[in-house]
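Quick caveat: nothing in here was measured; it's all calculated off a predicted structure. Ligands are counted one by one from 1 in listed order, and the atoms in each one are counted from 1 as well. Scope of the values below: all heavy atoms of this structure, side chains included, with no hydrogens, waters or symmetry mates. Count residues from 1 along the sequence.
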Amino acid sequence: MNKRSAPSPLKGEGWGGGEKPVDRPLLEIHGLQVAYSGIHAVKGVDFHVAPGELVALIGSNGAGKTTTLKTLAGLLSPASGQVIFDGKNLAKAAAHQRVAMGMALVPEGRGVFARLSVAENLLMGAYCRSNQTEISDDLARMYDLFPRLVERRDQLAGTLSGGEQQMLAMARALMSRPRLLMLDEPSMGLAPLMVKKIFATIQDVAAQGMSILLVEQNARLALQVAARGYVMEGGAITLSGESSDLLGSDAVQRAYLGG
Ligand SMILES: Nc1ncnc2c1ncn2[C@@H]1O[C@H](COP(=O)(O)OP(=O)(O)O)[C@@H](O)[C@H]1O
Ligand SMILES: [Mg+2]
């Protein structure tokens with residue numbers, strides 16, 4: 001696997017590192033199918049994320065959103081279909097190689113290392129990197145982005161609140177210097193005020209040029225911050241479009257927005 005020598009996405013003006021707009025999507029999914037023994041969870045989905053775009057994948061519980069993200073991250077193997085990242089077919093790329101290529105997943109339920117401190121969790125996020133100076137710089141940048149983590153840096157991650165764990169999980173993912181950040185239900189189980197904070201940070205990160213695939217059951221929230229969205233139902237994408245159009249559509253209103 002090639003080492004990425006792109007300019008640091010965590011330095012200077014933003015995560016995008018001044019990338020010029022290109023026609024090619026950063027992430028392309030073609031005909032993706034994923035099955036658990038006997039259960040056909042993802043039934044042939046197509047979608048894409050352009051460089052610097054914030055895209056929402058919404059849908060109710062059991063729709064196949066997490067299965068899709070796990071497959072993108074290399075934690076599940078597709079039955080068929082293609083995952084193309086930055087023009088490369090990832091069929092043979094293992095999960096750790098995908099991290100090194102610039103894909104980072106913040107899993108459902110956060111997945112922080114409960115028995116490690118906040119600082120240790122953050123360093124784990126940089127496991128695929130070797131330049132210590134850059135890692136220290138990025139660590140400082142994470143504490144700027146999430147001031148709450150500074151006062152907690154020596155605390156065990158398992159003792160943090162749900163919202164703090166979500167911040168830590170996002171910061172840990174950003175420590176790998178991703179080009180695509182994949183978030184699985186960041187609002188799950190959090191109080192409204194904390195959800196607001198987390199989403200404000202997602203918008204900050206996006207505004208700095210990061211490409212983001214945001215999976216949410218909270219459709220309204222996700223579509224309020226995303227440029228475009230896809231609606232997933234029963235393992236298939238049933239609707240897609242600009243967020244404003246989806247927010248205004250009768251089908252989305254009825255199914256997801258209580259309209
Ligand atoms: N480890 C698993 N083994 C078997 N079936 C699973 C497993 N994980 C999820 N499923 C099933 O796959 C479908 C999609 O689940 P999931 O991707 O978690 O949906 P979502 O994230 O949209 O709630 C559901 O029917 C779920 O029960
Ligand atoms: Mg899920």
Side-chain angles (χ1 to χ4, degrees), residues 27-49 54-83 85 90-91 94-95 98-99 103-112 162-163 165-170 172-173 178 180-192 194-195 198-199 202 212-226 228-241 243 246-247 249 251-258:
L27 177 74
E28 297 168 66
I29 308 301
H30 300 289
L32 190 73
Q33 301 203 39
V34 192
Y36 299 101
S37 47
I39 298 166
H40 202 180
V42 175
K43 301 172 182 166
V45 306
D46 300 85
F47 64 91
H48 71 273
V49 179
L54 170 44
V55 174
L57 179 61
I58 60 176
S60 45
N61 197 20
K65 307 180 300 297
T66 294
T67 303
T68 301
L69 280 196
K70 282 185 172 171
T71 308
L72 300 188
L75 303 172
L76 291 171
S77 299
S80 64
Q82 278 134 34
V83 178
F85 182 69
L90 298 188
R98 296 180 196 214
V99 175
M103 299 174 86
L105 171 66
V106 179
E108 196 173 62
R110 347 282 186 212
V112 299
Q165 289 192 12
Q166 183 62 42
M167 291 176 184
L168 177 58
M170 283 171 60
R172 186 182 60 183
L180 175 71
L181 185 64
M182 301 181 282
L183 301 167
D184 197 351
E185 306 264 12
S187 78
M188 192 190 275
L190 302 184
M194 186 52 86
V195 171
I198 296 287
F199 270 68
I202 293 172
I212 301 178
L213 178 58
L214 171 63
V215 160
E216 262 296 336
Q217 260 186 75
N218 189 330
R220 188 188 305 277
L221 206 54
L223 293 174
Q224 275 168 356
V225 299
R228 287 190 303 118
Y230 295 90
V231 178
M232 199 168 186
E233 280 173 55
I237 286 171
T238 52
L239 212 57
S240 65
S243 293
L246 290 177
L247 277 167
S249 94
V252 172
Q253 285 280 341
R254 271 197 309 275
Y256 303 102
L257 303 176

Can you check whether [Y]'s main-chain N or O pairs, donor with acceptor, with [X]'s side chain at less than 3.5 Å?
{"X": "E185", "Y": "Q217", "value": "yes"}
{"X": "K65", "Y": "L57", "value": "no"}
{"X": "E28", "Y": "V83", "value": "no"}
{"X": "R98", "Y": "L75", "value": "no"}

- Message: The test is side-chain contact (heavy atoms from CB on, under 4.5 Å); show your working for L168 and R110 and say whether it passes.
- Response: CA-CA 8 Å; L168 177 58; R110 347 282 186 212; over 6 Å; no
- Message: Taking the side chain as everything from C-beta on, heavy atoms only, tell me whether L190 gets closer than 4.5 Å to F199.
- Response: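 L190 vs F199: side chains apart.
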- Query: Do you know how many protein N, O or S atoms are within a distance smaller than 2.8 Å of the Mg ion (ligand 2)?
  - Reply: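 For the Mg ion (ligand 2), protein nitrogen, oxygen or sulfur atoms under 2.8 Å: 2.
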- Message: Testing L239, T238, I58 one by one against E233 for a side chain to side chain contact (heavy atoms under 4.5 Å, CB included), which residue passes?
- Response: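 Filter result, single survivor: T238.
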- Can you tell which of V106, I202, N218 makes a side chain to side chain contact (heavy atoms under 4.5 Å, CB included) with P186?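 Filter result, single survivor: I202.
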- Could you tell me how the ring of Y230 sits relative to the ring of F47: parallel (under 30°), tilted (30 to 60°) or perpendicular (over 60°)?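 Taking F47 first and then Y230, their aromatic rings sit tilted (interplane angle of 30° to 60°).
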Give every pair made of an N or O atom of ligand 1 and a protein N or O atom lying under 3.5 Å apart, one pair per line with both atom names and the distance to 0.1 Å, or write 'none'.
from	atom 1	to	atom 2	distance (Å)
ligand 1	8 (N)	Y36	OH	3.4
ligand 1	17 (O)	T67	N	2.9
ligand 1	17 (O)	T67	OG1	2.5
ligand 1	19 (O)	G64	N	3.1
ligand 1	21 (O)	T66	N	2.9
ligand 1	21 (O)	T66	OG1	2.8
ligand 1	22 (O)	A63	N	3.1
ligand 1	22 (O)	G64	N	3.0
ligand 1	22 (O)	K65	N	2.9
ligand 1	22 (O)	K65	NZ	2.8
ligand 1	23 (O)	N61	OD1	3.3
ligand 1	23 (O)	G62	N	2.7

